[in-house]
There are 2 protein chains.
Amino acid sequence: MSPTPQERRAARHQLGTGSGAPAGRRGPSGGRKKPITVDAIVSTAFGIVEREGYEALTMRRVASALETGPSSLYAHVVNKEDLDELLIGRLCAEIDLPEPDPATWRQQITSVCARLRDQYLRYPGISRAAFAAAPSNLDTLRISEGMLAILLAGGIAPRTAAWAIDSLMLYVNAYSLEVSLAGSRLGRGDDGWVVSRDELLRRFAALPDTFPHTKRHATELTAGTVHDRFDFTIGLMIDGLRNRGAD
Amino acid sequence: MSPTPQERRAARHQLGTGSGAPAGRRGPSGGRKKPITVDAIVSTAFGIVEREGYEALTMRRVASALETGPSSLYAHVVNKEDLDELLIGRLCAEIDLPEPDPATWRQQITSVCARLRDQYLRYPGISRAAFAAAPSNLDTLRISEGMLAILLAGGIAPRTAAWAIDSLMLYVNAYSLEVSLAGSRLGRGDDGWVVSRDELLRRFAALPDTFPHTKRHATELTAGTVHDRFDFTIGLMIDGLRNRGAD
DNA sequence: GCGCATCGACGAACAGTGTTCTGCATCACT
DNA sequence: AGTGATGCAGAACACTGTTCGTCGATGCGC
């Protein structure tokens, strides 16, 4: 049997599981148009998330899109958690990393973060799955390696670089999740506490006097697009890095 | 009737809903030992999350802890989402904010973040609910106000301060969520990709040569406790702020 | 003192979810 | 041709959040 789902998952985490069975290919595949493969599952899953958001991604939904029952998926995927992991793995794999250049490391690291963010936002809510993904996953590790290379080329001390990468990736995840959540709530109407900027200004103005600073600086508080804030934060962290220099 | 759950929620978001009914108190309360109140619901919910984690917080679980059926809760709480909001509201309300002191603003803001983090970690996984909480909630707004006061006292420009607060709170949330998730996975055994530092070092060493930097700096990558990383990131952001000064 | 309307609490049920068990039809190999 | 294994699929289980209709008791007006 080609590697069982459990073995696949273990391999993704570089865990030696005694090298899977010799893989005596069979294949019933009956009158099926297309046999169910892991890739097919992941692809249709991506389609669902892209169109309807992560919340709509259920095993049944994937199965029916593949014109089969839910149980059929479990021959290729250990879990829903496993499927999530496969998704973020493929998502990370599609991110290409620049050749480290000491002259432009600042811009390079920013660009990688932005690309990661855009990839997350393309599949709304998927960053929720990214939170659960352990750092031992090979695909996410590839990105860490790339970012580490860039920061080291920029002259950042190894320990500082390593920790900064964690911070950056965590922030990118969180940012993407928040934006996705706000967007989905906005999308489905939802009595919506997600409001326009004008409405937000009005509410700040109506605040009791226990919120003096918030009232006074309401315009600054609501200024800028969401992406402006993203760039601001990434810049903040990188600036902090520069001043730390070679530690 | 005392304010319906919907009105309560609206009030929490400073939304004028025509001032609720005159509140003609009744109160059946039958032979009940204790009538079900919003506070009772929130309190038992906190107990469940503290003991068993956020994943164990279901309406049925809360109801049975209150020795009643699930439907009874919906007279006091509009939603599970609403319950989540109440939880993070109460959680935020318990955080006390220091009087802004221009001399120690750096330490003050760090302290508030740490207190927020500890509060989140005390109820594992609850930060997941915090992500969904809109910034229009009065309790979270109180914390924003407090942090804003500190940063302004520190001489940070209003717009910079406002954006930095968003960044900080988002990071604290994300950090707490990640730590909680890792902890819960560790707790329930779980074939666990959450591994010890030694095991992580071993895996890094066994990595293919496509990961040169990761292999070389494995010790730095795995160094430090989780809280060290937290302090590092917060410090990173604050340092970035100082250099921006009054903008 | 009595009836009435009102409102909180509740049991049962519905539409979903992830997951597993069991059987089925089909293929490769002897 | 027979046989064993293999991937597929249907039904079912234990859950989830949420709603409907009813029960019970209460406070008020008379």
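Sequence lines set the chain letters: A, B, ... in the order given, protein chains first and strands last, and positions in each chain run from 1. Excluded from the calculations below are hydrogen atoms, water molecules and symmetry mates; all remaining heavy atoms, backbone and side chain alike, are included.
Checked against a 6.0 Å centroid threshold, the rings of B:Y123 and B:Y54 do not count as neighbours.
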> For every nucleotide of nucleotides 11-23 of chain D, 5' to 3': is a protein heavy atom under 4.0 Å from its base (B), only from its sugar-phosphate (S), or from neither (-)?
Replying inline: -B---BBBBB---
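Straight-line distance from the CD atom of A:E55 to the P atom of C:dT17: 12 Å, rounded to whole Å. Taking atom CG of A:L66 as the reference point, atom P of D:dC8 lies 10 Å away to the nearest angstrom. Regarding B:I41, its CD1 atom lies at a distance of 13 Å from the P atom of C:dG8, rounded to whole Å.
Under a cutoff of 6.0 Å and an axis angle of 45°, A:R90 and A:F46 do not form a cation-pi pair.
Under the side chain to side chain donor-acceptor pair (under 3.5 Å) criterion, the residue pairs touching residues 165-175 of chain B are A:R229-B:D166, A:T233-B:S167, B:Y120-B:N173, B:Y171-B:T233, B:Y175-B:H227, with sequence neighbours excluded.
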>> If you apply the rule side chain to side chain contact (heavy atoms under 4.5 Å, CB included), what do you find for B:D198 with B:R202, and how did you get there?
In response: CA-CA 6 Å; B:D198 288 354; B:R202 211 169 309 132; 4.0 Å; yes
> Passes side chain to side chain contact (heavy atoms under 4.5 Å, CB included), B:L148 versus A:L221? Steps please.
Replying inline: CA-CA 10 Å; B:L148 186 55; A:L221 280 167; 4.3 Å; yes
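Between A:S72 and the phosphate of D:dA9, there is a side-chain N or O to OP1/OP2 separation shorter than 4.0 Å.
A donor-acceptor pair shorter than 3.5 Å can be found between the side chains of B:T222 and B:R197. Of the N and O atoms on the side chains of B:N137 and B:T140, not one donor lies less than 3.5 Å from an acceptor on the other residue.
Defining each end axis of the helix from C:dG1-D:dC30 to C:dT30-D:dA1 as the rotation carrying four pairs' C1' atoms onto the next four, with five pairs an end, the two axes are found to diverge by 10° to 10 degrees.
Pairing each heavy atom of A:L97 with each of A:I143, the nearest pair is CD1-CA, 4.2 Å.
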